[in-house]
Asker: 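I'd like to ask you about the structure that follows.
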Amino acid sequence: MIPCQRHLFDLPGDIAYLNCAYMSPLLKRAAAVGAEAIARKCRPWTITAADFFADSERARQLFAELLGASAETIAIVPAASYGLAVAACNLPLAAGERILVLAEQFPSNVFTWRELGRQRGAEILTIARPPDGDWTTAVLAGLDERVAIAALPHCHWTDGGLLDLVAIGERCRELESALVIDATQSLGALALDLERVRPDYLVCPGYKWLLGPYSLGYLYVAPQHRDGRPLEQNWIAREASEDFARLIDYSERYQPGARRFDVGERSNFALLPVGIVGLEQLLAWSVPAIAATLAARTAAIAQRAAALGLTSTPADRRAGHYLGLGFPQGMPRGLPERLAEERVYVSLRGASLRVTPHLYNDEADVERLFAVLHTVL
Ligand SMILES: Cc1ncc(COP(=O)(O)O)c(C=O)c1O
(Lines give C-alpha, C1' and ligand atoms only; values in the text may rest on other atoms or scores of the structure.)
Protein backbone atom coordinates (compact mmCIF):
# COMPACT_ATOMS: atom_id res chain seq x y z
CA MET A 1 0.00 0.00 0.00
CA ILE A 2 1.27 3.46 -0.86
CA PRO A 3 0.73 6.05 1.90
CA CYS A 4 -1.22 9.19 1.05
CA GLN A 5 0.68 11.39 -1.43
CA ARG A 6 -1.39 14.55 -1.01
CA HIS A 7 1.72 16.59 -0.17
CA LEU A 8 2.86 16.20 -3.79
CA PHE A 9 -0.29 17.91 -5.07
CA ASP A 10 -1.77 21.35 -4.60
CA LEU A 11 -5.07 20.23 -3.06
CA PRO A 12 -6.52 22.57 -0.43
CA GLY A 13 -7.63 20.82 2.79
CA ASP A 14 -11.30 21.68 2.25
CA ILE A 15 -11.47 20.02 -1.19
CA ALA A 16 -12.39 16.34 -1.43
CA TYR A 17 -11.37 15.62 -5.01
CA LEU A 18 -12.60 12.11 -5.85
CA ASN A 19 -12.79 12.59 -9.60
CA CYS A 20 -9.61 11.39 -11.30
CA ALA A 21 -11.72 9.83 -14.07
CA TYR A 22 -12.74 13.37 -15.01
CA MET A 23 -9.25 14.85 -14.87
CA SER A 24 -6.30 14.35 -12.53
CA PRO A 25 -4.67 17.28 -10.78
CA LEU A 26 -1.07 17.91 -11.84
CA LEU A 27 1.74 17.15 -9.43
CA LYS A 28 3.20 20.36 -7.97
CA ARG A 29 6.52 19.49 -9.57
CA ALA A 30 4.82 19.07 -12.96
CA ALA A 31 3.25 22.51 -12.65
CA ALA A 32 6.63 24.06 -11.80
CA VAL A 33 8.29 22.31 -14.74
CA GLY A 34 5.40 23.45 -16.95
CA ALA A 35 5.85 27.09 -15.92
CA GLU A 36 9.53 26.85 -16.85
CA ALA A 37 8.63 25.15 -20.11
CA ILE A 38 6.23 27.95 -21.08
CA ALA A 39 8.80 30.59 -20.13
CA ARG A 40 11.32 29.00 -22.47
CA LYS A 41 9.25 30.13 -25.42
CA CYS A 42 9.96 33.72 -24.34
CA ARG A 43 13.57 32.92 -25.26
CA PRO A 44 13.30 30.88 -28.45
CA TRP A 45 17.06 31.09 -29.03
CA THR A 46 17.43 28.65 -26.12
CA ILE A 47 15.38 26.01 -27.96
CA THR A 48 17.72 23.92 -30.08
CA ALA A 49 17.14 21.47 -32.92
CA ALA A 50 17.92 18.63 -30.51
CA ASP A 51 15.09 19.85 -28.26
CA PHE A 52 12.60 18.96 -30.99
CA PHE A 53 13.46 15.33 -30.26
CA ALA A 54 14.68 14.97 -26.67
CA ASP A 55 11.44 15.34 -24.71
CA SER A 56 9.35 13.51 -27.32
CA GLU A 57 11.68 10.54 -27.07
CA ARG A 58 11.75 10.69 -23.27
CA ALA A 59 7.92 10.75 -23.05
CA ARG A 60 7.65 7.98 -25.63
CA GLN A 61 10.11 5.87 -23.65
CA LEU A 62 8.39 6.43 -20.30
CA PHE A 63 4.94 5.65 -21.66
CA ALA A 64 6.36 2.53 -23.32
CA GLU A 65 7.82 1.44 -19.96
CA LEU A 66 4.48 1.92 -18.28
CA LEU A 67 2.84 -0.23 -20.94
CA GLY A 68 5.60 -2.84 -21.00
CA ALA A 69 6.48 -2.04 -24.62
CA SER A 70 9.45 -0.56 -26.48
CA ALA A 71 9.59 3.11 -27.48
CA GLU A 72 9.45 1.99 -31.12
CA THR A 73 5.81 1.02 -30.69
CA ILE A 74 4.56 4.39 -29.44
CA ALA A 75 3.26 7.46 -31.28
CA ILE A 76 2.46 10.80 -29.64
CA VAL A 77 -1.13 11.89 -30.22
CA PRO A 78 -3.27 14.73 -28.87
CA ALA A 79 -6.43 12.77 -28.02
CA ALA A 80 -8.00 9.34 -27.91
CA SER A 81 -10.01 10.26 -31.01
CA TYR A 82 -6.78 10.89 -32.95
CA GLY A 83 -5.33 7.48 -32.07
CA LEU A 84 -8.61 5.79 -32.87
CA ALA A 85 -8.69 7.61 -36.21
CA VAL A 86 -5.23 6.18 -37.03
CA ALA A 87 -6.58 2.69 -36.29
CA ALA A 88 -9.76 3.31 -38.31
CA CYS A 89 -7.77 4.59 -41.27
CA ASN A 90 -5.56 1.50 -41.37
CA LEU A 91 -7.66 -1.52 -40.39
CA PRO A 92 -9.26 -3.66 -43.08
CA LEU A 93 -13.07 -3.68 -42.94
CA ALA A 94 -15.36 -5.00 -45.68
CA ALA A 95 -19.03 -4.31 -46.36
CA GLY A 96 -21.25 -6.45 -44.16
CA GLU A 97 -18.59 -6.94 -41.48
CA ARG A 98 -19.03 -5.72 -37.93
CA ILE A 99 -17.37 -3.42 -35.42
CA LEU A 100 -18.01 -4.44 -31.83
CA VAL A 101 -18.45 -1.80 -29.10
CA LEU A 102 -20.03 -1.69 -25.63
CA ALA A 103 -23.32 -0.04 -24.75
CA GLU A 104 -22.70 3.48 -23.40
CA GLN A 105 -19.06 3.39 -24.49
CA PHE A 106 -17.23 6.74 -24.53
CA PRO A 107 -18.29 8.76 -27.63
CA SER A 108 -14.79 9.13 -29.18
CA ASN A 109 -14.69 5.33 -29.33
CA VAL A 110 -18.16 5.14 -30.92
CA PHE A 111 -18.34 8.00 -33.44
CA THR A 112 -15.02 6.92 -35.01
CA TRP A 113 -16.47 3.50 -35.78
CA ARG A 114 -19.91 4.72 -36.84
CA GLU A 115 -18.24 6.93 -39.43
CA LEU A 116 -15.97 4.11 -40.63
CA GLY A 117 -18.95 1.76 -40.75
CA ARG A 118 -20.86 4.25 -42.90
CA GLN A 119 -17.91 4.60 -45.28
CA ARG A 120 -17.38 0.86 -45.67
CA GLY A 121 -20.94 -0.47 -45.39
CA ALA A 122 -20.12 -2.24 -42.11
CA GLU A 123 -22.38 -2.42 -39.08
CA ILE A 124 -21.89 -1.60 -35.42
CA LEU A 125 -22.57 -4.41 -32.98
CA THR A 126 -23.31 -2.91 -29.56
CA ILE A 127 -22.98 -5.28 -26.63
CA ALA A 128 -25.79 -4.61 -24.17
CA ARG A 129 -24.89 -3.93 -20.54
CA PRO A 130 -25.00 -7.36 -18.84
CA PRO A 131 -27.27 -7.36 -15.77
CA ASP A 132 -24.68 -9.34 -13.79
CA GLY A 133 -21.85 -6.93 -14.73
CA ASP A 134 -19.92 -9.63 -16.63
CA TRP A 135 -18.84 -7.70 -19.73
CA THR A 136 -16.25 -10.32 -20.68
CA THR A 137 -18.78 -13.11 -21.19
CA ALA A 138 -21.07 -10.72 -23.06
CA VAL A 139 -18.27 -9.60 -25.40
CA LEU A 140 -17.07 -13.18 -26.02
CA ALA A 141 -20.65 -14.13 -26.91
CA GLY A 142 -20.79 -11.29 -29.45
CA LEU A 143 -17.43 -12.07 -31.06
CA ASP A 144 -17.73 -14.20 -34.18
CA GLU A 145 -16.20 -14.28 -37.67
CA ARG A 146 -18.36 -11.33 -38.75
CA VAL A 147 -16.53 -9.02 -36.30
CA ALA A 148 -13.58 -7.37 -38.04
CA ILE A 149 -12.79 -4.89 -35.27
CA ALA A 150 -13.45 -5.00 -31.53
CA ALA A 151 -13.08 -1.47 -30.12
CA LEU A 152 -13.08 -1.76 -26.35
CA PRO A 153 -11.94 -0.20 -23.08
CA HIS A 154 -10.21 -2.08 -20.26
CA CYS A 155 -12.95 -0.85 -17.93
CA HIS A 156 -16.23 0.91 -18.60
CA TRP A 157 -15.93 4.67 -18.13
CA THR A 158 -19.30 4.98 -16.35
CA ASP A 159 -18.77 2.52 -13.50
CA GLY A 160 -15.44 0.71 -13.89
CA GLY A 161 -16.99 -2.52 -15.22
CA LEU A 162 -13.93 -4.66 -16.06
CA LEU A 163 -13.14 -6.58 -19.24
CA ASP A 164 -10.75 -9.53 -19.35
CA LEU A 165 -8.68 -8.30 -22.27
CA VAL A 166 -6.46 -11.38 -22.26
CA ALA A 167 -9.43 -13.67 -22.97
CA ILE A 168 -10.91 -11.20 -25.46
CA GLY A 169 -7.54 -10.74 -27.17
CA GLU A 170 -7.13 -14.50 -27.57
CA ARG A 171 -10.58 -14.82 -29.12
CA CYS A 172 -9.92 -11.90 -31.45
CA ARG A 173 -6.75 -13.59 -32.72
CA GLU A 174 -8.59 -16.87 -33.31
CA LEU A 175 -11.16 -14.97 -35.37
CA GLU A 176 -8.57 -12.67 -36.99
CA SER A 177 -10.50 -9.68 -35.65
CA ALA A 178 -8.53 -6.56 -34.79
CA LEU A 179 -8.52 -5.43 -31.16
CA VAL A 180 -8.41 -1.68 -30.51
CA ILE A 181 -8.22 -0.58 -26.88
CA ASP A 182 -9.13 2.74 -25.37
CA ALA A 183 -7.10 2.67 -22.14
CA THR A 184 -7.98 6.24 -21.13
CA GLN A 185 -9.69 5.19 -17.92
CA SER A 186 -7.30 2.43 -16.92
CA LEU A 187 -3.66 2.79 -17.91
CA GLY A 188 -1.59 4.09 -15.01
CA ALA A 189 -4.02 2.72 -12.40
CA LEU A 190 -4.67 -0.79 -13.68
CA ALA A 191 -2.01 -3.18 -14.98
CA LEU A 192 -2.39 -4.41 -18.54
CA ASP A 193 -0.42 -7.43 -19.75
CA LEU A 194 0.50 -6.26 -23.25
CA GLU A 195 2.24 -9.51 -24.23
CA ARG A 196 -0.88 -11.50 -23.48
CA VAL A 197 -3.56 -9.03 -24.64
CA ARG A 198 -1.70 -8.24 -27.88
CA PRO A 199 -3.90 -5.39 -29.10
CA ASP A 200 -3.58 -4.03 -32.62
CA TYR A 201 -3.78 -0.47 -31.34
CA LEU A 202 -4.09 1.01 -27.85
CA VAL A 203 -4.68 4.68 -27.14
CA CYS A 204 -4.34 6.61 -23.90
CA PRO A 205 -4.67 10.36 -23.40
CA GLY A 206 -2.49 11.66 -20.58
CA TYR A 207 -4.73 13.95 -18.55
CA LYS A 208 -6.46 11.42 -16.33
CA TRP A 209 -4.66 8.41 -14.83
CA LEU A 210 -1.30 9.41 -16.36
CA LEU A 211 -1.32 12.60 -14.23
CA GLY A 212 -0.38 14.63 -17.30
CA PRO A 213 -1.61 17.70 -19.14
CA TYR A 214 -4.58 17.93 -21.49
CA SER A 215 -3.88 17.40 -25.25
CA LEU A 216 -0.95 15.03 -24.83
CA GLY A 217 -1.50 11.29 -25.21
CA TYR A 218 -0.01 8.13 -26.66
CA LEU A 219 -0.84 5.47 -29.23
CA TYR A 220 0.58 1.95 -29.19
CA VAL A 221 0.81 0.39 -32.65
CA ALA A 222 1.41 -3.35 -33.01
CA PRO A 223 4.34 -4.43 -35.25
CA GLN A 224 2.11 -5.60 -38.12
CA HIS A 225 0.62 -2.08 -38.47
CA ARG A 226 3.78 -0.03 -38.27
CA ASP A 227 4.05 0.42 -42.03
CA GLY A 228 0.58 1.96 -42.04
CA ARG A 229 -0.67 5.30 -43.31
CA PRO A 230 -0.41 8.28 -40.96
CA LEU A 231 -3.34 10.70 -40.82
CA GLU A 232 -1.11 13.58 -41.88
CA GLN A 233 2.27 14.15 -43.47
CA ASN A 234 4.42 16.17 -41.12
CA TRP A 235 8.08 16.96 -41.68
CA ILE A 236 9.43 15.66 -38.38
CA ALA A 237 8.01 12.17 -38.92
CA ARG A 238 10.31 11.80 -41.92
CA GLU A 239 13.69 10.11 -41.96
CA ALA A 240 16.64 12.37 -41.03
CA SER A 241 14.40 15.23 -39.88
CA GLU A 242 17.04 15.82 -37.17
CA ASP A 243 19.14 17.56 -39.82
CA PHE A 244 17.34 20.91 -40.21
CA ALA A 245 19.70 22.03 -42.96
CA ARG A 246 18.55 19.18 -45.19
CA LEU A 247 14.79 19.15 -44.69
CA ILE A 248 14.19 19.94 -48.33
CA ASP A 249 15.96 16.77 -49.41
CA TYR A 250 12.40 15.43 -49.11
CA SER A 251 12.63 11.88 -47.89
CA GLU A 252 9.93 9.39 -48.82
CA ARG A 253 10.89 7.35 -45.78
CA TYR A 254 9.61 7.79 -42.25
CA GLN A 255 11.28 7.84 -38.85
CA PRO A 256 11.47 4.30 -37.45
CA GLY A 257 8.74 2.47 -35.57
CA ALA A 258 5.41 4.10 -34.79
CA ARG A 259 6.84 7.65 -35.01
CA ARG A 260 5.25 8.14 -38.43
CA PHE A 261 1.89 8.34 -36.63
CA ASP A 262 2.97 11.22 -34.37
CA VAL A 263 0.68 14.23 -34.55
CA GLY A 264 2.09 17.34 -36.26
CA GLU A 265 4.05 19.59 -33.86
CA ARG A 266 4.37 16.71 -31.46
CA SER A 267 7.52 18.34 -30.00
CA ASN A 268 5.22 20.19 -27.63
CA PHE A 269 7.71 22.29 -25.65
CA ALA A 270 5.12 23.39 -23.08
CA LEU A 271 3.36 20.10 -22.41
CA LEU A 272 5.88 17.30 -22.87
CA PRO A 273 7.98 18.21 -19.79
CA VAL A 274 4.77 18.22 -17.74
CA GLY A 275 3.67 14.84 -19.05
CA ILE A 276 7.12 13.41 -18.36
CA VAL A 277 6.93 14.31 -14.66
CA GLY A 278 3.59 12.47 -14.33
CA LEU A 279 4.91 9.35 -16.06
CA GLU A 280 8.10 9.33 -13.97
CA GLN A 281 6.07 9.53 -10.78
CA LEU A 282 3.76 6.68 -11.82
CA LEU A 283 6.75 4.48 -12.60
CA ALA A 284 8.32 5.36 -9.24
CA TRP A 285 5.14 4.34 -7.41
CA SER A 286 4.58 1.39 -9.80
CA VAL A 287 1.22 0.57 -11.34
CA PRO A 288 0.57 -2.62 -9.32
CA ALA A 289 1.10 -0.69 -6.06
CA ILE A 290 -1.15 2.17 -7.25
CA ALA A 291 -3.81 -0.35 -8.32
CA ALA A 292 -3.71 -2.21 -5.00
CA THR A 293 -3.90 1.00 -2.97
CA LEU A 294 -6.81 2.41 -4.97
CA ALA A 295 -8.64 -0.94 -4.95
CA ALA A 296 -8.52 -0.98 -1.15
CA ARG A 297 -9.80 2.60 -1.05
CA THR A 298 -12.77 1.99 -3.37
CA ALA A 299 -13.60 -1.35 -1.68
CA ALA A 300 -13.91 0.45 1.66
CA ILE A 301 -16.13 3.13 0.07
CA ALA A 302 -18.29 0.50 -1.65
CA GLN A 303 -18.75 -1.37 1.61
CA ARG A 304 -19.84 1.74 3.52
CA ALA A 305 -22.11 2.77 0.64
CA ALA A 306 -23.74 -0.68 0.64
CA ALA A 307 -24.70 -0.17 4.29
CA LEU A 308 -26.60 2.95 3.10
CA GLY A 309 -28.42 0.92 0.43
CA LEU A 310 -26.24 1.99 -2.52
CA THR A 311 -25.24 -0.56 -5.14
CA SER A 312 -22.00 -1.13 -7.04
CA THR A 313 -20.51 -3.68 -9.41
CA PRO A 314 -18.99 -6.59 -7.42
CA ALA A 315 -15.26 -6.09 -6.81
CA ASP A 316 -14.26 -8.98 -9.12
CA ARG A 317 -16.14 -7.39 -12.04
CA ARG A 318 -14.88 -3.85 -11.77
CA ALA A 319 -11.51 -2.15 -12.02
CA GLY A 320 -10.12 -1.56 -8.53
CA HIS A 321 -9.53 2.18 -9.02
CA TYR A 322 -13.02 2.88 -10.28
CA LEU A 323 -16.37 2.89 -8.51
CA GLY A 324 -19.90 3.66 -9.68
CA LEU A 325 -22.43 3.90 -6.84
CA GLY A 326 -26.05 3.27 -7.84
CA PHE A 327 -29.08 4.69 -6.07
CA PRO A 328 -31.81 2.03 -6.42
CA GLN A 329 -34.41 4.63 -5.38
CA GLY A 330 -33.09 7.19 -7.88
CA MET A 331 -30.71 10.09 -7.34
CA PRO A 332 -31.56 11.68 -3.97
CA ARG A 333 -32.94 15.22 -4.16
CA GLY A 334 -30.40 17.86 -3.37
CA LEU A 335 -27.36 15.62 -3.80
CA PRO A 336 -25.56 17.76 -6.41
CA GLU A 337 -26.14 20.89 -4.33
CA ARG A 338 -24.92 19.25 -1.11
CA LEU A 339 -21.81 17.92 -2.83
CA ALA A 340 -21.06 21.39 -4.17
CA GLU A 341 -21.64 23.01 -0.76
CA GLU A 342 -19.28 20.56 0.92
CA ARG A 343 -16.76 20.80 -1.92
CA VAL A 344 -16.86 17.08 -2.63
CA TYR A 345 -15.97 16.43 -6.26
CA VAL A 346 -17.32 13.28 -7.90
CA SER A 347 -19.20 12.73 -11.19
CA LEU A 348 -22.95 12.35 -11.36
CA ARG A 349 -23.99 10.09 -14.23
CA GLY A 350 -27.73 9.41 -14.55
CA ALA A 351 -28.72 7.59 -11.36
CA SER A 352 -25.17 6.82 -10.34
CA LEU A 353 -22.26 8.54 -8.69
CA ARG A 354 -18.78 7.93 -10.09
CA VAL A 355 -16.14 7.95 -7.36
CA THR A 356 -12.56 7.76 -8.60
CA PRO A 357 -9.93 8.48 -5.96
CA HIS A 358 -6.16 8.62 -6.37
CA LEU A 359 -3.18 8.58 -4.06
CA TYR A 360 -3.77 12.24 -3.06
CA ASN A 361 -7.00 11.30 -1.30
CA ASP A 362 -7.11 10.70 2.44
CA GLU A 363 -9.60 9.47 5.02
CA ALA A 364 -10.93 12.99 5.50
CA ASP A 365 -12.03 13.09 1.82
CA VAL A 366 -13.98 9.86 2.27
CA GLU A 367 -15.57 11.18 5.47
CA ARG A 368 -16.70 14.32 3.64
CA LEU A 369 -18.31 12.19 0.93
CA PHE A 370 -20.20 10.11 3.48
CA ALA A 371 -21.20 13.18 5.49
CA VAL A 372 -22.98 14.41 2.34
CA LEU A 373 -24.54 11.01 1.59
CA HIS A 374 -25.85 10.76 5.15
CA THR A 375 -27.64 14.10 4.86
CA VAL A 376 -29.48 13.20 1.64
CA LEU A 377 -30.31 9.53 2.20
C1 LIG B 1 -13.10 6.20 -21.96
C2 LIG B 1 -12.66 7.54 -22.45
N3 LIG B 1 -12.02 7.62 -23.63
C4 LIG B 1 -11.60 8.79 -24.11
C5 LIG B 1 -11.82 9.97 -23.43
C6 LIG B 1 -11.31 11.26 -24.00
O7 LIG B 1 -11.43 11.25 -25.41
P8 LIG B 1 -10.66 12.29 -26.31
O9 LIG B 1 -9.22 12.19 -25.96
O10 LIG B 1 -10.98 11.87 -27.69
O11 LIG B 1 -11.20 13.65 -25.96
C12 LIG B 1 -12.50 9.94 -22.20
C13 LIG B 1 -12.78 11.17 -21.46
O14 LIG B 1 -13.53 11.20 -20.49
C15 LIG B 1 -12.92 8.68 -21.70
O16 LIG B 1 -13.55 8.57 -20.53
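For reference, positions follow the sequence shown, starting with 1. This is a predicted model, so every value here is computed, not measured.
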Asker: Cation-pi check, R304 to F370: give yes when NZ or CZ is under 6.0 Å from the six-membered ring centre and within 45° of the ring axis, no otherwise.
Answerer: yes

Asker: Under the side-chain contact (heavy atoms from CB on, under 4.5 Å) criterion, do L353 and F327 qualify, and how do the steps go?
Answerer: CA-CA 8 Å; L353 192 73; F327 296 89; 3.9 Å; yes

Asker: Within this structure, what is the CG-CD1 distance for the pair L116 and I124, rounded to the nearest 0.5 Å?
Answerer: 8.0 Å

Asker: Any chance you could lay out the side chain to side chain donor-acceptor pair (under 3.5 Å) test for Q61 and E57, step after step, and finish with the verdict?
Answerer: CA-CA 6 Å; Q61 173 63 39; E57 288 311 309; over 6 Å; no

Asker: For E72 and R259: C-alpha separation, side-chain torsions, deciding distance, then whether salt bridge (Lys or Arg N to Asp or Glu O under 4.0 Å) applies.
Answerer: CA-CA 7 Å; E72 296 307 294; R259 292 174 183 81; 3.2 Å; yes

Asker: Do the two ring centres, one from F244 and one from W235, sit under 6.0 Å apart?
Answerer: yes

Asker: Can you tell me how far apart CD (E65) and CG (L282) are? Round to the nearest 0.5 Å.
Answerer: 11.5 Å

Asker: Kindly assign one of parallel, tilted or perpendicular to the pair F63 and Y218, based on the angle between their ring planes and the thresholds 30° and 60°.
Answerer: parallel

Asker: Calculate, to the nearest 0.5 Å, the distance between atoms CZ and CG belonging to R173 and L179 respectively.
Answerer: 8.5 Å

Asker: Let me know which of R40, R58, K41 forms a salt bridge (charged side-chain N to carboxylate O under 4.0 Å, His left out) with D51.
Answerer: R40

Asker: Have R129 and T158 got a donor and an acceptor in their side chains that come within less than 3.5 Å?
Answerer: yes

Asker: Apply side chain to side chain donor-acceptor pair (under 3.5 Å) to the pair R238 and Q233, showing each step before the final yes or no.
Answerer: CA-CA 9 Å; R238 293 300 171 123; Q233 303 300 328; 2.6 Å; yes

Asker: side-chain contact (heavy atoms from CB on, under 4.5 Å) between L140 and T136: does it pass, once the steps are laid out?
Answerer: CA-CA 6 Å; L140 291 175; T136 305; 4.0 Å; yes

Asker: T313 and R318: side-chain donor and acceptor closer than 3.5 Å?
Answerer: no

Asker: Tell me whether R246 contacts the main-chain N or O of D243 through its side chain, where contact means a donor paired with an acceptor under 3.5 Å.
Answerer: no

Asker: Show your working on salt bridge (Lys or Arg N to Asp or Glu O under 4.0 Å) between D10 and K28 and close with a plain yes or no.
Answerer: CA-CA 6 Å; D10 186 16; K28 282 192 259 190; 5.9 Å; no

Asker: Parallel, tilted or perpendicular: which one describes the rings of W157 and F106, with boundaries at 30° and 60°?
Answerer: perpendicular

Asker: State yes or no: are the ring centers of F52 and F269 separated by less than 6.0 Å?
Answerer: yes

Asker: Taking atom CG of L310 and atom CG of L377, what is their separation to the nearest 0.5 Å?
Answerer: 5.5 Å

Asker: Looking at L102, is its backbone amide N or carbonyl O close enough to the side chain of Q105 to form a donor-acceptor pair, meaning the two atoms are under 3.5 Å apart?
Answerer: yes

Asker: Tell me whether R6 contacts the main-chain N or O of Y360 through its side chain, where contact means a donor paired with an acceptor under 3.5 Å.
Answerer: yes

